[in-house]
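Note that these values count all heavy atoms, side chains included, but never hydrogens, waters or copies made by symmetry. Within every chain, numbering begins at 1; the chains are lettered A, B, ... in the order of the sequence lines, protein sequences first and strands thereafter.
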There are 2 protein chains.
Amino acid sequence: MTNSKPPLYTALSPALLHLYDVSHAIVVIIDVLRATSTIATALFNGAKCVIPVDSVSRCIELGRQIDGITAGERDGMIAEGLEHGNSPFEYPREFIGGKTLVLTTTNGTKLLHMALDRGAGQIITGSFPNLGAVCRYLLSQNQPVVLACAAWKDRINIEDLLFAGAVIHQVKDSFAINCDSSQIAETLYLDAKADLFEFMKAKNASHYHRLNGYGLEKDIRYCLTPDVAGVLPLYENGKLIVL
Amino acid sequence: MTNSKPPLYTALSPALLHLYDVSHAIVVIIDVLRATSTIATALFNGAKCVIPVDSVSRCIELGRQIDGITAGERDGMIAEGLEHGNSPFEYPREFIGGKTLVLTTTNGTKLLHMALDRGAGQIITGSFPNLGAVCRYLLSQNQPVVLACAAWKDRINIEDLLFAGAVIHQVKDSFAINCDSSQIAETLYLDAKADLFEFMKAKNASHYHRLNGYGLEKDIRYCLTPDVAGVLPLYENGKLIVL
């Protein structure tokens, strides 16, 4: 029985993605603070699609061409030349419904393009707001999985690890997990799950520190809340759409 | 006060070492199973020095030139052409006392050379058998520290992370730690410290699995035992010597 289960691996940084075979795998892009939380939220609130692009100039150019909403950040702030930032609260239904969001971020959208370049079988995005949807999809597919953490400029971060751990905790019985990074992620998640926000604070997580310094505690709390934007963003033909 | 503390970072894989400035730092090479445990043990048992080399051919060549004992492994087994393996139990005092050990291993000695190439300020080696000696040294120096995990072919492993966590737990009040990897390491160590061996087993750690499959439970237990070979191996002029 064990041998028939597909493998699951966790890459804790984009700099480690090359260690895993993504070509026949579902790659889950994880950028908890805040790209993939914002993607789930915008789609949950009725965005037609989200187009992830890997540079600010491409974001501006494409936004003009398709009359989309350009958004993104560099180093946690709205990037120059873009209209909107990377906060899920910027995308309520009355604003984003029926529109196309063109998004570029420091880590998350770059990682997505990296997975694409490496020939990923399928790409979806994951965050606490759509945790349940991600888990249900992985359980339904019976395919190899790579949980790919966006990290911060290749440095491992706690919140992406915690999300990977949350997924693993829910799906592990259906996968063969021979991966220390996955074990580390699940163990840390079990330590943290009673109160993810307090855990981030207690551990002085670098991203907690950075965003809290910008007055974004509300964003952090939202991005650590499971299942408040229960959609599955799937990458297809250059766009993230709701499956 | 806080600002005057030197920084401490943890690189959980050689593939992440480039993210940290090692040029003014003490780099602690960590390869718990088994290179750095064996280095501490050989030196504790009176070896004159340990010369880490990064290839089997260089190991054989140098062994001949200086009449040293050649040792090392590739993929956990004694490498072809070498006399001895990577088990600390191969180096009791009556055998290794006064001799020079020329050692090459899959991950540990490679990482040491990587740190050297990147201009590391100082290089020492750490393992549970010499945990206390490492911590005392770091506390005495008041210098930046990079805890560098050897991992397994760049994949993060639990045991190197646990050792990093054990060091951090002992020294953290004297360092500025803005590093999620370090927080992750200490948290995991605190989960594991009551029984490191059982933790490795319960988490099905990949290296536990690999070495246990070779009948090396005794090695694993020894390599997780603190302070049974309390020396500080310092890299100087191409050799690891006892400081």
Q | Top contributor to chain A interface from Glu159(B), His18(B), Arg155(B) [non-hydrogen pairs under 4.5 Å] | A | Arg155(B)
Q) Taking only residues two or more places apart in sequence, or in another chain, which ones meet Lys153(A) in a salt bridge (Lys or Arg N to Asp or Glu O under 4.0 Å)? A) Asp75(A)
Q | Heavy-atom closest pair, residues Leu19(A) and Asp154(B) | A | CD1-O, 3.4 Å
Q: Have a look at Ile156(A) and tell me which of Ser181(B), Cys179(B), Ser182(B) forms a side chain to side chain contact (heavy atoms under 4.5 Å, CB included) with it.
A: Ser181(B)
Q: Residue by residue, scan residues 185-212 of chain B and write down, ordered by number, those that have a heavy-atom distance under 4.5 Å to chain A; if none do, write 'none'.
A: Thr187(B), Leu188(B), Asp191(B), Phe199(B), Lys203(B), Asn204(B), Ala205(B), Ser206(B)
Q. Out of Ile184(A), Thr10(A), Leu12(A), which one racks up the most heavy-atom pairs below 4.5 Å with chain B?
A. Ile184(A)
**Q.** Proximal component of Leu16(A), with respect to chain B [non-hydrogen, under 4.5 Å]
**A.** side chain
Q: Sort out for me which of Ile158(A), Leu161(A), Ile177(A), Asn178(A) touches chain B most, counting heavy-atom pairs under 4.5 Å.
A: Ile158(A)
